[in-house]
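Please read the structure below before turning to the comments.
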Amino acid sequence: MKSFYITTAIDYVNGSPHLGHAYEKVLTDVIARIRRMMGDRVHFLTGVDEHGQKVQQSARQRGVSPQQFSDEISAEFRALLPKLNISNDDFIRTTDERHKRVVRGLLQQLHDKGEIYKAEYQGFYSTRQEQFLQDKDRNPDGTWPEIYGEVTEITESNYFFKLKNYQDWLVRFLTENENFVFPKFRQKQVLEFLKEPLNDLCISRPKERLEWGIPLPFDEDFVTYVWFDALTNYYSAVVDRPGVWPADYHVIGKDILVPPHAVYWMIMLQACGLPLPKGIIAHGWWSINGAKMSKSTGNFVEPVGFVDQYGVDPLRYFVMREMSVGQDSDFSFSQFLARYNAELANNLGNLVNRTLNMTNRFAGGLIPAADEAGVPEKELQDLWKQVQAEVPQLWDGFQFNVALERTMAFVTATNAYIEKLAPWKLGKSAEPADQARLRTALATMAEALRLAAHLLEPVIPASATRIHAVLGYQPTDNWADKTQWSGRLQGNRVAESLVLFPRLQPPDSAAKS
RNA sequence: GCCAGGGUAGCUCAGUGGUAGAGCAGAGGACUCAUAAGCCUUUGGUCGCCGGUUCAAUCCCGGCCCCUGGCACCA
């Protein structure tokens, strides 16, 4: 069986992880969990990009070796994963031997095929910044900004990859596979970009200028620069695992779609004769309180600290509930608070607790068997059938925000059902008919909760598991079966109580009241 | 400048060629199992602006305005 193979972009280890990094992991994780739940054999890869000039510079500034520097920052990124409850199967570092070996292999192969050639590159070079400058780096009056120091025109030999030759092929491929990039408008952006002629891609740096990289196998005086190093991770990580490549989805930020993933990576694979990924998902960016994320202004969400304070699942829920995949979204604490209290605490969490409470109070803590379903039960069951059919379709279309909305609507309907039955009144009656209705009500609310938790599982896995646990329920791994309305909870002993999402107070309300 | 996305109730957004929808917030009510939660009812919008097509446009076409992002060997 072919694996479902999904990847995140690898993070560049030149700073600490922020909300954007966390979001991409969570989004990919949600998809991975959904596919596992649906029975696919999933392989989920994430990792870090460790080579390059900025890492070399940062290491030098701190007076440590590049390896030591990236060891430290990589550990920080790696630590984020369990914190976010990410279910990745592998974690790749571009400094891994397994990676370097594959990169060098591909480069050698392309060199042998004549896809890589050496040429001279002429341009303006800033010694202070150790980089070539573009015309757009100039001041409006044509001079170079102060930060570059002395700028001189120099000539440098480098290796180039023949991108140009594949432009027509790529245009044809994207035209024939119109849903290759999600969302669709991003695909248009790629084709727009390809209307201009491509240039060949410079893939090397001389070692005297940059030594923190993978040496070219055919010329050890150079290291390969950025794209052959970074993009190849998706392939190098699974080269020894038969049946995994090609990737089903690369999940990336919109900033690295064009040209790296949609152009360079596709052409690299094609030139190497390797199968192409089946799709690319380009997600949007988070702003914080309506403004661009920025460390210098403190407009920044630090995921580890946030999780420590509010929990993993609330963060996961918020980013999936709030963002329409592909669009940008805003993160504000007040919006987080509103979602948290309204949907997680009041709607879902409170339903869990009142269900446990009533089962304990009116049925001795054992979930009763339901009598024959009346009108209210049938209505709720019909709604479940709708939601159960609709949510997986929404998942397929990456509309996780809508899927969560529908799931929560089912939770709301369950709360409304409880009001209609009013078990607390039935519990005071000795009439056999009322007792039967009471048993039915308790069984129905527990069953509804069990089912809803299954739809929430990919997004808030730990909480879903806790809900199932307090219902005395052990899920099986047959999706179609376990999402059927049933009486399988009958006789289970429930927990005494559970405050799943403690209600949060707005920061400034404590003083007032 | 070019390209793309967006401009719909106080807020976040959904939506369709035929009297505008949801959630949250606000207001009122009945209830009490529960995290002062839940449920019911309800206030609220010239659907960015101007034209056009149409019996009929928020949805189609043209123009304009505003916000956001991208514009290559910089990551």
Side-chain angles (χ1 to χ4, degrees), chain A residues 12 14 49 52-55 121 123 126 129 131-134 136-137 158 160-161 163 183-205 225-227 230 253-260 263-264 284-285 287 290-292 321-324 326-330 332 334-335 337-339 341-362 399 401-402 404-406 408-409 411-428 438 441-442 445 497-504 513:
Chain A
Y12 197 58
N14 194 40
D49 180 9
Q53 187 158 293
K54 285 183 182 169
V55 171
Y121 178 78
S126 156
Q129 292 292 320
Q131 68 176 58
F132 277 93
L133 304 176
Q134 310 305 313
K136 68 175 184 180
D137 293 324
N158 262 312
F160 290 80
F161 172 50
L163 272 192
K184 227 173 179 175
F185 73 82
R186 294 276 171 217
Q187 174 123 346
K188 279 193 232 159
Q189 233 168 46
V190 181
L191 285 165
E192 199 62 36
F193 176 82
L194 289 169
K195 281 180 182 167
E196 299 294 316
L198 286 174
N199 291 320
D200 288 344
L201 180 67
C202 179
I203 59 157
S204 68
R205 290 292 184 270
Y225 190 62
V226 189
W227 301 119
K254 63 180 184 179
D255 54 318
I256 50 172
L257 176 67
V258 186
V263 179
Y264 302 159
W285 282 13
S287 58
K292 206 170 167 178
R321 176 69 181 84
E322 199 68 12
M323 190 175 262
S324 169
Q327 304 287 351
D328 292 346
S329 274
D330 187 54
S332 69
S334 62
Q335 186 72 6
L337 204 67
R339 290 271 185 229
N341 278 338
E343 299 181 15
L344 292 179
N346 296 349
N347 198 19
L348 176 64
N350 187 49
L351 173 63
V352 173
N353 204 30
R354 67 199 301 216
T355 298
L356 299 183
N357 223 282
M358 284 188 266
T359 306
N360 281 307
R361 184 182 294 213
F362 303 121
Q399 294 183 273
N401 54 334
V402 184
L404 287 172
E405 191 191 330
R406 296 295 147 79
M408 280 302 171
V411 174
T412 296
T414 304
N415 273 314
Y417 164 83
I418 293 173
E419 301 296 328
K420 202 175 290 178
L421 274 281
W424 50 93
K425 283 184 187 162
L426 299 170
K428 290 175 188 156
L438 175 60
L442 294 175
M445 64 179 91
S497 74
L498 172 65
V499 175
L500 195 55
F501 300 105
R503 203 176 149 76
L504 297 174
S513 54

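Quantities reported herein were computed from a predicted structural model and do not represent experimental measurements. Residue numbering restarts at 1 for every chain, and letters A, B, ... go by the order of the sequence lines.
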With a non-hydrogen cut-off below 4.0 angstrom, is [X] in contact with a base, only sugar-phosphate, or nothing?
X: Ala342(A); answer: sugar-phosphate
X: Pro502(A); answer: base
X: Arg205(A); answer: sugar-phosphate
X: Val226(A); answer: sugar-phosphate
X: Tyr264(A); answer: sugar-phosphate
X: Ile418(A); answer: nothing

Reckon [X] has a side-chain N or O less than 4.0 Å from the OP1 or OP2 of [N]?
X: Arg321(A); N: C24(B); answer: no
X: Asn346(A); N: G38(B); answer: yes
X: Arg503(A); N: A37(B); answer: yes

Could you tell me the separation between the [atom1] atom of [X] and the [atom2] atom of [N], rounded to a whole number of Å?
X: Glu405(A); N: G23(B); atom1: CD; atom2: P; answer: 9 Å
X: Asn199(A); N: C73(B); atom1: CG; atom2: C1'; answer: 7 Å
X: Met323(A); N: U68(B); atom1: CE; atom2: C1'; answer: 13 Å
X: Gln335(A); N: U12(B); atom1: CD; atom2: P; answer: 8 Å
X: Trp424(A); N: C39(B); atom1: CH2; atom2: P; answer: 11 Å
X: Asp328(A); N: G69(B); atom1: CG; atom2: C1'; answer: 7 Å
X: Lys425(A); N: U32(B); atom1: NZ; atom2: C1'; answer: 9 Å
X: Leu191(A); N: C71(B); atom1: CG; atom2: C1'; answer: 16 Å

*RNA chain B: 5'-proximal contact among Leu351(A) and Lys254(A) (nearest heavy atom)*: Leu351(A)

_RNA chain B: 5'-proximal contact among Asn415(A) and Asp255(A) (nearest heavy atom)_ = Asn415(A)

[options]: which one has an atom nearest the side-chain heavy atoms of [X]?
X: Lys428(A); options: C73(B), A37(B), C33(B); result: C33(B)
X: Asp49(A); options: C33(B), A75(B), A37(B); result: A75(B)
X: Asn353(A); options: A75(B), A34(B), A72(B); result: A34(B)
X: Thr412(A); options: A72(B), C39(B), A34(B); result: C39(B)
X: Glu343(A); options: C33(B), G23(B), C24(B); result: G23(B)
X: Ala416(A); options: A72(B), C73(B), C39(B); result: C39(B)
X: Tyr225(A); options: C74(B), A72(B), A37(B); result: C74(B)
X: Asn350(A); options: C39(B), A75(B), A34(B); result: A34(B)
X: Val499(A); options: U12(B), U35(B), A34(B); result: U35(B)
X: Ala338(A); options: C33(B), C24(B), U35(B); result: C24(B)

Taking atom [atom1] in both [N] and [M], what distance in whole Å separates the two?
N: G15(B); M: A9(B); atom1: P; answer: 15 Å
N: U53(B); M: U68(B); atom1: P; answer: 35 Å
N: G69(B); M: A37(B); atom1: C1'; answer: 41 Å
N: G5(B); M: U19(B); atom1: P; answer: 28 Å
N: A20(B); M: U46(B); atom1: C1'; answer: 13 Å
N: A34(B); M: C39(B); atom1: C1'; answer: 13 Å
N: G44(B); M: G23(B); atom1: C1'; answer: 15 Å
N: U58(B); M: G45(B); atom1: C1'; answer: 11 Å

*Runs of at least three consecutive Watson-Crick or G-U pairs, both distances under 3.5 Å, are what I'm after; which ones involve RNA chain B?*
B:1-7 with B:65-71, B:10-13 with B:21-24, B:26-29 with B:39-42, B:48-52 with B:60-64

Could you report the tightest heavy-atom contact between [X] and [Y], atom names first, then the distance?
X: Thr355(A); Y: Thr359(A); result: O-OG1, 2.7 Å
X: Asp330(A); Y: Glu322(A); result: O-CG, 4.2 Å
X: Leu348(A); Y: Val411(A); result: CA-CG1, 4.0 Å
X: Phe362(A); Y: Gly427(A); result: CD2-CA, 4.0 Å
X: Val258(A); Y: Val190(A); result: CG2-CG2, 3.6 Å
X: Phe501(A); Y: Leu344(A); result: CD1-O, 3.3 Å

*What distance separates Arg361(A) CZ from Leu442(A) CG, expressed to the nearest 0.5 Å?*
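It is 12.0 Å, given to the nearest 0.5 Å.
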
_Distance alone, cut at 3.5 Å: any donor-acceptor contact between the side chains of Asn357(A) and Ser497(A)?_
no

*asked:* Assess, by modelled atom type and distance only, whether the side chains of Asn350(A) and Arg503(A) contain a donor and an acceptor separated by less than 3.5 Å.
replied: no

*Would you mind reporting whether Val402(A) and Arg406(A) have side-chain heavy atoms less than 4.5 Å apart?*
yes

*Please tell me if the side chains of Trp285(A) and Asp255(A) come closer than 4.5 Å, counting only heavy atoms from C-beta onward.*
yes

*Could you walk me through whether Met358(A) and Met445(A) pass side-chain contact (heavy atoms from CB on, under 4.5 Å), step by step?*
CA-CA 10 Å; Met358(A) 284 188 266; Met445(A) 64 179 91; 4.1 Å; yes

*Could you run down nucleotides 2-10 of chain B 5' to 3' and tag each one B, S or - for protein heavy-atom contact under 4.0 Å?*
-SSS-----

*Could you list the residues that satisfy side-chain contact (heavy atoms from CB on, under 4.5 Å) with Lys188(A), not counting sequence neighbours?*
none

